[in-house]
Amino acid sequence: MIRLPLVLFFSAVLFSTGVYGVLARRNGVLVLMSIELMLNAVNVNLVAFSQYVRDIGGQVFALFVIAVAAAEVGIGLAIVILIFRNRESINVDEVSLLKW
Amino acid sequence: MTGQEYAFVVLALVGTVGAVRLVTAKNVVHAALYLVVTLAMVGSIYLVLGAEFVGWVQILIYVGAIVILFLFGLMLTKAPIGRESLDNQQRGLALLVALAVLAGLVFLIQDAFHWGDRKMNLVHNTTGEVGRSIFQHYVLPFEAVSFILLAALIGAVVLARREERE
């Protein structure tokens, strides 16, 4: 028996840590890592609610989120490497070509 | 508190420390290793919650594959050491936003699920149940996800390939 709010609080802490990382980091790879933290927080919620309502669909969707996260990391790192090749730096605040 | 709750709290605390160290680390490789800690703890939490297959997939895919991808990304892009060069100037504002998000979420959870009366009966979900659910009810989303993965794979190869000069 685990109280549901306990798991949800952990997930909230993980998510806000990820929000801080995305907002405060300059390095592109570290921003992607923080996004992984947020996706993991979502997955914890999915699994917790799946156990709470006794529906295995939540776990299936957690697996889908993991697969999509893997795709996102692949594309994201390819973009980061492309930016590094063109600009010799992966600081996301220096990539402002499209900024108005 | 039950034994499972104690196990969960210990795992959650270690995972939280790893996450906080990840977003404050001065060295990018250390940040990747703290990510391993957090992801492994989240995987263990899945095991404690009884979601066996998701837990092992988390260990295999995240700790085994995605962190290795991150380490490759770090090695292919040289990053300076030090917090000043890894963080931008809006650290205080970012902390404010993160704390506001946390406060909002905690308030909503507290409001929606009162402490104590919502308990999860932890039943052990075997891999067979997950497989039956995927291939009976969620076949179409499963195919869509595999298509996304294929498209992402091709896209990553196309993006990261060096242009051939003719």
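Bear in mind that the values here come from a model prediction, so they are computed numbers and not experimental data. Letters A, B, ... are given to chains in the order of the sequence lines, protein chains preceding strands, and every chain is numbered from 1.
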Between P141(B), G155(B), G73(B), the one whose heavy-atom pairs under 4.5 Å with chain A are most numerous: P141(B)
Flag side-chain contact, heavy atom, 4.5 Å: L95(B) against Y20(A): yes
Quick check on the hydrophobic clustering: are L159(B) and V92(A) connected, directly or via other members, by side-chain heavy-atom contacts under 4.5 Å? no
Side chain, backbone, both or neither: which part of V22(A) has a non-hydrogen atom closer than 4.5 Å to chain B? neither
Are Y46(B) and F53(B) side-chain neighbours, meaning at least one heavy-atom pair lies under 4.5 Å? no
Test item: N27(A) and R25(A) side chains (from C-beta on) under 4.5 Å apart, heavy atoms: no
Report the C-alpha distance between Y34(B) and M33(A) in whole Å, list the side-chain angles of each, state the deciding distance to 0.1 Å, and finish with yes or no for side chain to side chain contact (heavy atoms under 4.5 Å, CB included). CA-CA 10 Å; Y34(B) 284 122; M33(A) 284 185 197; over 6 Å; no
If I measure from the heavy atoms of chain B, does A62(A) come under 4.5 Å with its side chain, its backbone, both, or neither? side chain
Look at G18(A), A78(A), S16(A) and state which one has the largest set of heavy-atom pairs under 4.5 Å with chain B. S16(A)
List, by chain and number, the other hydrophobic cluster members for F107(B), where Ile, Leu, Val, Met, Phe, Trp and Tyr join if side-chain heavy atoms come within less than 4.5 Å, directly or indirectly. none
So which of A48(A), G57(A), A67(A) has the largest heavy-atom pair count under 4.5 angstrom toward chain B? A48(A)
Need one label for L69(B): side chain, backbone, both or neither, based on atoms under 4.5 Å from any heavy atom in chain A. both
Heavy-atom contact with chain A under 4.5 Å, split by part of L35(B): side chain
Determine, using ring centers only, whether F113(B) and F49(A) are less than 6.0 Å apart. yes
Please determine whether side chain to side chain contact (heavy atoms under 4.5 Å, CB included) holds for the pair F9(A) and I109(B), giving the CA-CA distance in whole Å, both sets of side-chain angles, and the decisive distance to 0.1 Å. CA-CA 8 Å; F9(A) 285 144; I109(B) 293 166; 3.9 Å; yes
Kindly work out whether a path of hydrophobic side-chain contacts (I/L/V/M/F/W/Y, heavy atoms less than 4.5 Å apart) joins L71(B) to F84(A). yes
Need one label for V9(B): side chain, backbone, both or neither, based on atoms under 4.5 Å from any heavy atom in chain A. side chain
Quick check on V42(B) against chain A: is it the side chain, the backbone, both or neither that has a heavy atom closer than 4.5 Å? side chain
As an exercise: rank I148(B), V158(B), I134(B) by heavy-atom pairs under 4.5 Å with chain A and give me the winner. I134(B)
Counting only non-hydrogen atoms closer than 4.5 Å, does N40(A) touch chain B with its backbone (N, CA, C, O), its side chain (CB onward), both, or neither? both
Just so I know, are the side chains of I2(A) and V48(B) near enough to count as touching, which here means a heavy-atom distance under 4.5 Å? yes
Bottom line for F10(A): the part with an atom under 4.5 Å from chain B's heavy atoms is side chain
In terms of heavy-atom proximity below 4.5 Å to chain B, should L82(A) be classed as side chain, backbone, both, or neither? side chain
Any heavy-atom pair between the side chains of R21(B) and V17(B) that's under 4.5 Å? yes
Checked T38(B), V101(B), L99(B), L22(B) vs chain A; the most non-hydrogen pairs under 4.5 Å come from L22(B)
Interchain contact, L6(A) with chain B, by part (heavy-atom threshold 4.5 Å): both
Side chain to side chain contact (heavy atoms under 4.5 Å, CB included) for L39(A) and Y62(B)? Distances and angles first, verdict last. CA-CA 11 Å; L39(A) 287 168; Y62(B) 267 110; 4.3 Å; yes
Chain B heavy atoms under 4.5 Å from L32(A): which part of the residue, side chain, backbone, both or neither? both
Given that the side chain runs from C-beta out, which part of I45(B) has a heavy atom under 4.5 Å from chain A: side chain, backbone, both or neither? side chain
Is chain A contacted by the side chain of F72(B), its backbone, both, or neither, given a heavy-atom distance below 4.5 Å? neither
Heavy-atom cut-off 4.5 Å, strictly under: side chain, backbone, both or neither for F8(B) against chain A? side chain
Does a side-chain heavy-atom distance below 4.5 Å link E36(A) with V73(A)? yes
Proximity breakdown for T2(B) and chain A, heavy-atom pairs closer than 4.5 Å: side chain
Most contacts with chain B, counted as non-hydrogen pairs under 4.5 angstrom, among I81(A), N91(A), V19(A), D93(A): I81(A)
Please classify the contact between L39(B) and chain A as side chain, backbone, both or neither, with a heavy-atom cut-off of under 4.5 Å. side chain
Taking side chain as everything from C-beta outward and backbone as N, CA, C, O, which of these in A32(B) sits under 4.5 Å from a heavy atom of chain A? Side chain, backbone, both or neither. both
Hydrophobic clusters here meaning ILVMFWY residues chained together by side-chain heavy-atom distances under 4.5 Å, can you tell me if F61(A) and V47(A) are in one? yes
Does one hydrophobic cluster hold both F135(B) and Y138(B), with members joined at side-chain heavy-atom distances below 4.5 Å? yes
Highest number of heavy-atom pairs under 4.5 Å with chain B among A24(A), A69(A), A12(A) belongs to A24(A)
Between N43(A) and chain B, with a heavy-atom cut-off of 4.5 Å, which part of the residue counts as in contact: side chain, backbone, both or neither? both
Let me know if V145(B) has heavy atoms under 4.5 Å from chain A in its side chain, its backbone, both or neither. side chain
